[in-house]
Novice: 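Quick one: structure below, then a few questions.
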Amino acid sequence: MKKITTVNFLIVSLAASMIATTGCSTTKRGDGLSDDEILDVNDIPMTGERFDTLYQREEGVSFQPVYFGYDNYQIPVGEQAKIDAAVEFLRNNSGMVIVIEGHCDDRGTNEYNMSLGEYRAQSIRAYITNAGISANRIQTASFGEERPAVAGSGETAWSKNRRGEFVAYRAH
Amino acid sequence: MSQVKLGLESEKSEKIMNKKNLTKILMFALVASALPCFAQSAHIRITGEASGKNTLSTSGLQSDGSANSATFIGVLRSDLNRSGYFSIVDVGGAGVSLIGSVYGAGGISASVEVRKINGTGFRWAKNGGVDDVRILAHELSDTIVQNITGKPGMASAPIILVGKRGNGSDIYICDADGARLRSITSDGSTSMSPSWLPDRSGFLYTSFKTGVSEIYKVTFGPPAKRERFAAYPGLNNGGVVSPDGMRAALVLSLTGNVELYVKNMRSGKLTRLTRTKRSNESSPNWSPNGSEIAYVSDASGAPHVWLMDQHSKQGKRLVYGPSESVAPDWGPDGRIAFCGREGGRYGIYIVTPKSSVRPILVSPSDGADYEDPSWAPDARHIIATRTFYGKRKLVILDTQGDSPVDLFPSAAAGDWYLADWAK
């Protein structure tokens, strides 16, 4: 547990230094890990501690799910307004942060869908940061095909399961 | 098709019956009169589907009639049959005869001579407690397979798998024949992606027990231990330890992209292997010598199996043909099994890296989907998840043509998937 915290801290500090300098320094660290081994200039690094351990879940706030095409993590144009609503919420509530959950339909392997779900969540996260919200207020969590919104198979169920959901948290 | 060495008598009998060579029929008659049971055994060989297999008889095994000895002999026969290399014939004149005694009072005590028809053979003798009955039967089966065919067996290699219970899923382990199924975790949340540590001392798996994905390392001990292995922000999945036990490949998203990483088991140092802002990586799996990683990337537009040389950190697409290829599993002989999508169905294929041979389908075309393959240590069998009308089960496929076998034969056996066979 302690070791993991240290590694997380290291990544936060790496991320911070990358954001601060933008230039691609390659300072060697004591453990042999250099900045450029983990981060690229265009990355949007995650914060080091998980929101669910730092913040309290905000009940009574709900957002519409963002739906995706089959095996796709690009945000359909028709779904953008739903993310705009989340952007607006974050702008108006500076004490709030959100976790974006990525989900998939049950076609394809569980492993692949874990990555696909995460990519969907990351696509939404990138959209929100592009809209000017600080990256450290948005985290992601993938559930792959493990938590379907609608049971069963067939496009009616599948289209409701390929989704990104927003969960709001408030600082303690 | 089969690479099995035929026993002396079976070669002879096939030629006799197929070519109707008069001289050889005469010889056959002579041999048959010298060995009273031989004609019978030849007849069984020809009419059965066992051609290309060694005939094997266990009728020379004396038992004390105890439950343990019956279990031992039953498991041994089943294992030898499942190995794919033997046809159990229980008459005289078999290519391989097992002769000896099996006593089962309070445990198991077996002394077996394994005799080939040419007179050569070896002796195997072991004792054990009640809990060792099946373990020792598996061990003897693998010893016979190794000795007769020169190839490793699969009977002693355990399988780790995921079982669904209500809304949760947990990790289980069973023997190669599906017996001795036991529950390992009882988190009651979602568990997935179990993968053996190379020395079988434990495994890595992904758990959602804290609410998000984290990778845990479990060692059996005693005492059994579970430690958090990867809990970075975002995705933590696909953890699999290298054959030398020094590193683990895993999939993380801490940079804001899903990427492939290697984590040093001792120092915890992370090395990033992919930099693909616009593509998605999953399912890493090590080559037998640990120099390469097979993984899935959708950089070409659809998910496909790629290979990554760890030192150059250059990914190269391996599989062309099926419209999708996912879930690679590198076998002990260097061939890679994967799940391919063709005509809307998922099937299990095998491909040899650095060869121009197209991937070969090894799962039945029976309208079901076959996913998530894992090789047995014999480099011949593959366990995979079969899904038919929403009902999942685990089946063992034979890449040399024997029919698939259910891991759990009982009809109401539950919902099992994502198996990893210890290599």
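Every chain is numbered from 1, with letters handed out A, B, ... down the list of sequences. Keep in mind that the numbers below use all heavy atoms, side chains included, and drop hydrogens, waters and symmetry copies.
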Novice: Under a 4.5 Å heavy-atom cutoff, which of A:S153, A:G108, A:A126, A:S142 has the most pairs with chain B?
Specialist: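 Winner by heavy-atom pair count: A:G108.
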Novice: Quick one: does A:D71's side chain get under 4.5 Å of B:P303's, heavy atoms only?
Specialist: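 When only atoms from C-beta onward are counted, B:P303 and A:D71 do touch, with a gap below 4.5 Å.
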Novice: With a 4.5 angstrom heavy-atom cut-off, which part of B:V258 approaches chain A: side chain, backbone, both or neither?
Specialist: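 B:V258 touches chain A through backbone and side-chain heavy atoms alike.
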Novice: Less than 4.5 Å apart, any side-chain heavy atom of A:R50 and any of B:T210?
Specialist: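 Counting from C-beta outward, A:R50 and B:T210 do come under 4.5 Å.
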Novice: List the atom of A:Y119, the atom of B:K277, and the distance in Å for their closest heavy-atom pair.
Specialist: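 Distance-wise, the nearest heavy atoms are OH-O, 2.6 Å.
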Novice: If I measure from the heavy atoms of chain B, does A:T109 come under 4.5 Å with its side chain, its backbone, both, or neither?
Specialist: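 Both backbone and side chain.
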Novice: Does any heavy atom of chain B fall under 4.5 Å from the side chain of A:L116, the backbone, both, or neither of them?
Specialist: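 Both backbone and side chain of A:L116 come within 4.5 Å of chain B.
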Novice: Ignoring hydrogens and geometry, is there a side-chain-to-backbone donor-acceptor pair from A:Y73 to B:R278 under 3.5 Å?
Specialist: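 Side chain of A:Y73 to backbone of B:R278: a pair is present.
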Novice: Counting only heavy atoms closer than 4.5 Å, note whether B:L235 contacts chain A via side chain, backbone, both or neither.
Specialist: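 Looking at B:L235, backbone and side chain both touch chain A.
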Novice: Which answer fits A:N110, side chain, backbone, both or neither, if we ask what part of it has an atom under 4.5 Å from a heavy atom of chain B?
Specialist: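 Both the backbone and the side chain of A:N110 come within 4.5 Å of chain B.
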Novice: May I ask you to decide whether A:R107 forms a salt bridge with B:E324, counting only side-chain N to carboxylate O separations under 4.0 Å?
Specialist: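 No salt bridge links A:R107 with B:E324.
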Novice: Check A:Y112 against B:S283 and note the closest heavy-atom contact, atom names and distance.
Specialist: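 For A:Y112 versus B:S283, the nearest heavy atoms are N-OG, 4.3 Å.
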Novice: Grab the two heavy atoms, one from B:G256 and one from A:R125, that are nearest each other, plus how far apart they are.
Specialist: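 Residues B:G256 and A:R125, closest heavy atoms: CA-NH1, 4.1 Å.
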Novice: Do A:R147 and B:F208 meet the cation-pi criteria used here (NZ or CZ under 6.0 Å from the six-membered ring centre, within 45° of the axis)?
Specialist: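 Yes, a cation-pi geometry holds between A:R147 and B:F208.
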Novice: First locate atom CG of B:N237, then atom CE of A:M114, and finally report the distance between them rounded to the nearest 0.5 Å.
Specialist: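 The distance works out to 4.0 Å.
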Novice: Check B:R272 with A:D43, please: is the shortest side-chain N to carboxylate O separation under 4.0 Å?
Specialist: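 Result for this pair is yes, salt bridge flagged.
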Novice: Check whether B:T255 reaches the backbone of A:L39 with its side chain - one donor and one acceptor, N or O, closer than 3.5 Å.
Specialist: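 Looks like no, no N/O pair under 3.5 Å.
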Novice: Against chain A, label B:D298 side chain, backbone, both or neither, depending on which of its atoms sit under 4.5 Å from a heavy atom there.
Specialist: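 When you check distances to chain A, only side chain atoms of B:D298 fall under 4.5 Å.
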Novice: Nearest heavy-atom pair of B:M192 and A:E111: which atoms, and what distance?
Specialist: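 B:M192 and A:E111 have their closest heavy atoms at CE-N, 4.2 Å.
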Novice: Got a sec: does the CG of A:N92 have more than 12 other heavy atoms crowding it under 6.0 Å?
Specialist: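 Yes, CG of A:N92 has more than 12 neighbouring heavy atoms, counting only those of other groups under 6.0 Å.
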Novice: B:S253 and A:E118: which non-hydrogen atoms are nearest, and at how many Å?
Specialist: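 That closest heavy-atom pairing would be OG-OE2, 2.7 Å.
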Novice: Relative to chain A, which of B:G390, B:C339, B:S193, B:A327 shows the most heavy atom pairs under 4.5 Å?
Specialist: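 Between B:G390, B:C339, B:S193, B:A327, the count favours B:S193.
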Novice: Give, as side chain, backbone, both or neither, the part of B:N280 having an atom under 4.5 angstrom from any heavy atom of chain A.
Specialist: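 Its backbone and side chain both get close to chain A.
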Novice: Return the option, out of B:E259, B:E214, B:E227, with the maximum number of heavy-atom pairs under 4.5 Å with chain A.
Specialist: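 The residue among B:E259, B:E214, B:E227 with the greatest pair count is B:E214.
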